[in-house]
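One structure is given below, encoded as structure tokens.
In what follows, every heavy atom counts, from backbone to side chain, and hydrogens, waters and symmetry copies are set aside. Lettering of chains follows the sequences in order, A, B, ..., and the numbering in each one begins at 1.
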Amino acid sequence: MPRPARLSRNFFARSVHAVAPDLVGATLLFDRVGGIIVEVEAYHHTDPAAHSYGGQTPRNAVMFGPPGYAYVYRSYGIHWCLNFVCEAEGSASAVLIRALGPTEGLEAMRRRRGLDDPRALCSGPGKLCQALGVTIMHNGLPLDRAPFELRARSSDVPAETAIGPRIGITKAAEHPWRYGLKGSPFLSRRFG
DNA sequence: ATGAAGATGAAT
DNA sequence: TTCATCTTCATC
């Protein structure tokens, strides 16, 4: 059985609403630590909740660049959150990575998180950045080169994807796009 | 210079 | 449900 294909930057040059569900079940490694993506959220630039909605600023500049790059931002003054930039350059749309099922580098993740329970390592956007060691230093890095390694979901086992409203969003949004691996114990929250 | 809000997480 | 914590950005 062939090793799953690496995701090219071209993979992200599509609508966020197409990329987001395709990322569920894919593998995200950072410096050889990570696991299966089980939860994401799509942020289109026309969405009032998107960081790019109000135009370009120093913080969100990477979102306005070409697809296939990492957009990292500080959340609530404490946590880091990781996004993948999508769509054509200038679209300023991205997918937020919200949760992983840890498969590789468990010890490194436990050390960084100060926890043992695998379900608590990457079950949230801030948690997974802490577990993988992703910080603002990695903002703007390409996703098809080290330290990133992204592998496509194996097509023979179609992931059952759940769809629901996003987390922590109060602004009115036309598209409540949260995608998750149905029944996964590694989600940041249950769907429903 | 100042202040309010925020794509969270952990404890209560 | 509360709060820690601090950057970002708009406003003064």
Please determine if A/Asp144 and A/Arg6 form a salt bridge, counting it only when a charged side-chain N lies under 4.0 Å from a carboxylate O.
-> no
Any protein N or O atoms within reach of nucleotides 9-12 of chain C? Criterion: under 3.5 Å, listing atom names and distances.
from: C/dC9; atom 1: OP1; to: A/Thr57; atom 2: OG1; distance (Å): 2.0

Length of the line joining A/Glu39:CD and B/dT8:C1', which is rounded to integer Å | 12 Å
Under 3.5 Å on both distances, the Watson-Crick or G-U partner of C/dC3 | B/dG9
A/His51 has an atom NE2; how far is it from atom P of C/dT7, in whole Å?
-> 16 Å
Taking CH2 from A/Trp80 and C1' from B/dG6, how many angstroms apart are they, rounded to a whole number?
-> 14 Å
Report yes if the side chains of A/Leu28 and A/Leu132 come closer than 4.5 Å at any heavy-atom pair, otherwise no.
-> yes
Does B/dA7 have A/Tyr43 stacked on its base, where the ring centres are within less than 5.5 Å and the planes differ by under 30°?
-> yes
Can you tell me the distance, in whole Å, between the CD1 atom of A/Ile78 and the C1' atom of C/dC6?
-> 8 Å
For DNA chain B, the residues among residues 112-120 of chain A that have a non-hydrogen atom under 4.0 Å from it = A/Arg113
Gap between atoms CZ and C1', on A/Arg74 and B/dA7 respectively (whole Å) | 15 Å
Would you kindly give the CG-to-P distance between A/Leu96 and B/dT8, to the nearest whole Å?
-> 8 Å
Judged by atom type as modelled, is there a donor-acceptor pair below 3.5 Å linking the side chain of A/Glu87 to the main-chain atoms of A/Val16?
-> yes
From OH of A/Tyr73 across to C1' of C/dT7 the rounded distance in Å is 13 Å
Short side-chain donor-acceptor distance under 3.5 Å, A/Arg113 and A/Gln130 | yes
A/Arg14 to A/Phe11 six-membered ring, cation-pi geometry met (6.0 Å, 45°) = yes
Expressed in angstrom and rounded to an integer, what is the separation of A/Lys127 atom NZ from B/dT8 atom C1'?
-> 9 Å
Hey, is A/Glu39 close enough to A/Arg178 for a salt bridge, meaning N to O under 4.0 Å?
-> yes
